[in-house]
*Asks:* 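Next up is a structure, given as C-alpha cells.
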There are 2 protein chains.
Amino acid sequence: MATAAGVSYQTVSRVINGHPSVKPSTRERVLAAIEELGFRRNATALALASGRTRAVTVLTANTTHHGYASILQGIEEEARAASYTMAIGVLESAEEAAVAAAVQRAADAGGGLIVIAYDPAGVRALEAVPAELPVVGVVETPAGRPGDDRPWVWTDDREAAYQATRHLLGLGHETVHYVAIPSSTRRTSARTTGWRQALREAGAPEPRPVQGSWGPAGGYAAGLRLAEDKSVTAILCGNDDLALGVLRALHETGRSVPGEISVAGFDDAPHSAYLTPSLTTVRLDFTGLGRSAFALLHGVLEESARIAPHPVSVPELVVRESSGPPPARD
Amino acid sequence: MATAAGVSYQTVSRVINGHPSVKPSTRERVLAAIEELGFRRNATALALASGRTRAVTVLTANTTHHGYASILQGIEEEARAASYTMAIGVLESAEEAAVAAAVQRAADAGGGLIVIAYDPAGVRALEAVPAELPVVGVVETPAGRPGDDRPWVWTDDREAAYQATRHLLGLGHETVHYVAIPSSTRRTSARTTGWRQALREAGAPEPRPVQGSWGPAGGYAAGLRLAEDKSVTAILCGNDDLALGVLRALHETGRSVPGEISVAGFDDAPHSAYLTPSLTTVRLDFTGLGRSAFALLHGVLEESARIAPHPVSVPELVVRESSGPPPARD
DNA sequence: TCGCCTTGTGTGACCGGTCACATTCATGCC
DNA sequence: GGCATGAATGTGACCGGTCACACAAGGCGA
C-alpha cells in the first residue's frame with residue numbers, strides 16, 4: 001500500500017481525487033510513491049464505496065448485422081472516450097423469461113443500460129427494465145410506447161424509405177414493391193410507412209409488402225416470388241442484406257438489374273458499393289446513433305456530462321447501378 | 001435487508017450459497033423473504049469480498065469484420081451460459097501507449113481477458129498483458145511467441161489456404177495468385193504459408209503475394225492490378241471481403257469470372273453465397289473458436305470448470321460459382 | 001495573548017457482501 | 001450424568017476504497 005511508502009492513507013485518496021487541500025510537497029511524495037509502486041485503485045472497491053460504476057451494458061438481440069454492429073461500435077467509441085466500460089448482453093430469444101433474465105443480469109452489472117429495440121426481443125427488454133434504472137432506448141420510431149418518458153434515440157427511417165421510394169418513382173416506375181424486415185412490434189414499421197407515403201403522394205398503386213427476414217436468405221425467397229410477377233419493375237428492400245438476396249434471385253431467374261428491374265436497399269452496408277451491380281441504398285448513420293445513445297446515457301448518469309443534443313442525422317440517398325428507368329413499355 | 005424479514009444475517013448468505021448446514025425450516029423462511037423482497041445480491045460487493053468477478057473482457061482491434069464479429073459472438077454465447085459478463089475493449093490503434101492504456105482498463109475491470117491477436121494491435125496487447133492476469137489469446141498461428149506458455153486458440157489457416165489453393169490448381173490453373181490480408185506480425189502469415197506450400201508441392205510458379213487490406217476497397221485495388229496481368233487465371237483472397245473487391249474490379253475491367261479468372265475467398269462470410277457469381281471460399285468456425293477461447297479461460301479461472309479440449313476445427317472448402325477451369329489455351 | 005478561521009491530515013463508520021472462528025444447542029456414548 | 005460431537009447460527013474482521021467529521025498547526029485581527 002502506498003500508505004507505507006508515503007505517509008498517510010486517506011491522503012492518498014485525496015491526491016488521486018484531486019482534492020484541493022493537500023500540501024504540494026505531500027502531493028509530490030504521494031504521486032512519486034504511486035508511480036513507483038505502479039498503484040492503481042481497485043475499480044470494484046471504488047464502485048462499491050462510491051456507488052458509481054462507469055459501466056454501460058448494451059442489450060441487443062444481434063451483434064453482427066450491419067446496423068446493430070455499427071451502433072455497438074458507436075457506443076463503444078463514446079464509452080471509451082468517457083472511460084466507461086462497455087458490456088454486451090445478447091437477447092437470445094424474445095421469450096418473456098429469457099428477456100427478464102437478461103435484463104436482470106444487466107441490472108446486476110450496475111451502471112447504465114442501452115437497449116437496442118429494433119426487434120421484439122429488444123422491445124420486450126426495454127419494457128422489462130425496472131423504472132429506477134438509467135436506460136436509453138435505441139428504437140425504430142419515436143412514436144414509441146405512450147407514457148414512457150425515457151430517453152431514446154432513433155434514425156428517421158420513415159424519411160429514408162420515403163426518399164428511396166421517391167427516387168425509384170422519379171425514374172419512371174409505375175410503383176415500387178417492398179420487401180420488409182421484420183417489424184419490432186405488430187405495428188407498421190416506419191420504413192413501411194415512408195414507402196407507403198411516397199406511393200400515395202404519387203398516386204401509385206400500393207402492393208402488399210413482402211415479408212422478409214434480416215438476412216439474404218429471406219431476400220432470396222422474396223426475390224423469387226417477386227420475379228414471378230412480370231409487372232414488377234422496382235423493388236425496395238428493408239436492408240442491404242435482403243437486397244443482396246433479391247439480386248441473387250433475380251439473377252437466377254434471368255431478370256436483369258437495372259434493365260428490367262431496379263433494386264434499392266437500406267443502410268448502405270460496407271459491401272453494397274462493391275456488388276455487381278452496385279447497390280442503390282439509403283445511408284443511415286448508425287455509428288453516430290450509437291454515440292448519441294451513449295452521450296444521452298452519460299448525461300443521465302452524471303449531471304456533469306452535459307446532455308448533448310442528439311441531432312437525428314439526415315438519411316442520405318446513395319444512387320448506384322442497381323436502379324434505373326423501367327424498361328420501355330410494350 | 002432480508003435480515004429483518006427473516007431472522008439472521010449471515011444465514012442469508014449461507015442459504016444463497018447453498019451451504020449444507022442450514023435447518024430446512026430456516027431455509028424456507030429465508031427463501032420466502034428473498035422472494036418477497038425481490039432480493040438480489042450485489043454483484044459489486046460480491047466481487048470485492050470474494051475476489052471472483054465472473055467477467056471477461058475481450059480486447060480486439062475490430063468488432064465488425066466477419067471473423068472478429070463471429071468470435072465475439074461465440075465468446076458471448078459461452079460466457080452467458082456460464083453466467084459471465086462480457087465486456088469489449090476496442091484497440092483503436094497499435095500505438096504502444098494506446099495499447100497499454102487499453103490493457104490497463106481491461107485489467108482494472110477484473111476478471112479474465114481474451115485478446116484477439118489477428119493484427120499488430122492485438123498482438124501488442126497480448127504481449128502487454130501482465131503475466132499474473134488470466135488471459136487467453138486468439139492467435140493467427142500457434143507458432144507463437146517463444147517462451148510464452150499462455151493458453152491460446154487458433155484456426156488452421158495454413159491448412160485452409162492449402163486446401164483452397166489445391167482446389168484451384170486441381171481445376172487446371174498454372175498457378176494461383178494471392179491477395180493477402182495484413183499480417184499480424186512481420187512474419188509470413190499462416191495463410192500465405194499454406195498457399196505457398198500448395199504451389200510448391202505442385203511445382204507451380206510462386207508469384208509475389210499482393211498486399212491487400214481487410215475490406216473490399218483493398219481487394220478492389222488489388223484486383224485492378226491483377227487484371228492488368230493477362231497471365232492471371234486464379235486468385236485466392238485472404239478473406240471474403242477482399243474477394244468481393246476483386247470480383248468487382250474484374251467485372252469493371254471486363255474479365256469474366258470464372259470464365260477467364262477464378263476467384264476464391266476465405267472465411268465464408270454470410271453474404272458470400274449470394275454474390276454473383278457466388279464465391280468459392282473456405283469456411284472457418286470462428287464462432288466455435290470464440291466458444292473455445294472462453295471455455296479455456298473459464299478453466300483457468302475456476303478449477304471446477306473442466307478445461308474442455310478445444311479441437312481445432314477442420315476448415316471446410318465450399319466450392320461455388322466463382323471457381324472453374326482456366327480458359328482453353330491459345 | 002487569546003480566539004477564530006483556514007489549511008492540512010488522521011480517524012471511524014460504511015458500501016454489501018464473504019470468511020474464519022466462536023457460540024449455542026441437541027444428540028449419542030460411556 | 002458428564003462430556004465429546006456435530007449441526008445450526010451468530011460475531012467480528014476484512015475486501016479497498018469514500019465520506020463525514022475530528023483534530024492539530026499556522027496566520028491574523030482584536
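Below, read A as the first sequence line, B as the second, and so on, with proteins coming before strands; counting in each chain starts at 1. None of the values given here were measured: they were computed from a predicted structure.
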*Asks:* Can you tell me which nucleotide in D:dC15, D:dG10, C:dT11 comes closest to the side chain of B:Arg14?
*Replies:* D:dG10
*Asks:* Measure NE2/B:His19 against C1'/C:dG17 and give the value in whole Å, please.
*Replies:* 16 Å
*Asks:* For A:Arg41 and C:dC15, give me the distance from atom CZ to atom P, rounded to whole Å.
*Replies:* 20 Å
*Asks:* Of the nucleotides C:dG8, D:dT9, D:dT18, which has the atom closest to the B:Thr11 side chain?
*Replies:* D:dT9
*Asks:* Report the distance from atom CD1 of A:Ile16 to atom C1' of D:dC19, rounded to the nearest whole Å.
*Replies:* 15 Å
*Asks:* Thinking salt bridges, do B:Arg80 and A:Glu92 make one under a 4.0 Å N-O criterion?
*Replies:* yes
*Asks:* Could you tell me how far apart B:Lys23 (NZ) and D:dG6 (C1') are, to the nearest whole angstrom?
*Replies:* 15 Å
*Asks:* Taking the side chain of A:Ala49 as heavy atoms from C-beta outward, which of D:dT11, D:dA8, D:dG16 is closest to it?
*Replies:* D:dG16
*Asks:* Please evaluate residues A:Tyr84 and A:Phe294 with respect to the criterion ring pair (Phe, Tyr, Trp, His ring centres under 6.0 Å), reporting the C-alpha separation (whole Å), side-chain torsions for both, the decisive distance (0.1 Å), and the verdict.
*Replies:* CA-CA 10 Å; A:Tyr84 269 60; A:Phe294 179 82; 5.3 Å; yes
*Asks:* Among C:dG16, D:dT9, C:dT9, which is the nearest nucleotide to the side chain of B:Asn42?
*Replies:* C:dG16
*Asks:* Can you tell me how far CZ of B:Phe286 sits from OH of B:Tyr118, rounded to the nearest 0.5 angstrom?
*Replies:* 5.0 Å
*Asks:* Look at the side-chain N and O atoms of B:Arg29 and state whether any lies under 4.0 Å from the OP1 or OP2 oxygen of D:dA8.
*Replies:* no
*Asks:* Could you please name the option among D:dC19, D:dT18, C:dG8 that lies closest to any side-chain atom of A:Asn17?
*Replies:* D:dT18
*Asks:* For DNA chain D, whose closest nucleotide is more 5', that of A:Ser50 or that of B:Ser50?
*Replies:* B:Ser50
*Asks:* Of the nucleotides C:dT18, C:dT7, C:dG16, which one has an atom closest to the side chain of B:Gln10?
*Replies:* C:dT18
*Asks:* Tell me: CG of A:Leu48 to P of D:dC19, nearest whole Å?
*Replies:* 13 Å
*Asks:* For D:dT9, take OP1 and OP2 only and decide whether either is under 4.0 Å from a side-chain N or O of B:Thr26.
*Replies:* yes
*Asks:* Would you say B:Ser13 reaches C:dT18's phosphate, i.e. side-chain N/O to OP1/OP2 under 4.0 Å?
*Replies:* yes
*Asks:* Salt bridge check, A:Glu127 against A:Arg150: does any charged N sit closer than 4.0 Å to a carboxylate O?
*Replies:* no
*Asks:* Select base, sugar-phosphate, or nothing to describe what B:Leu46 touches, counting heavy atoms under 4.0 Å on all strands.
*Replies:* sugar-phosphate
*Asks:* Any chance CD of B:Glu132 has more than 12 other-residue heavy atoms, nucleotides or ligands included, within less than 6.0 Å?
*Replies:* yes
*Asks:* Write down the distance between CZ (A:Arg52) and P (C:dC15), rounded to a whole number of angstrom.
*Replies:* 16 Å
*Asks:* I need the CG-C1' distance between B:Leu37 and C:dG16, as an integer number of Å.
*Replies:* 16 Å
*Asks:* What's A:Arg27 touching, base or sugar-phosphate or nothing? Going by heavy atoms closer than 4.0 Å.
*Replies:* nothing
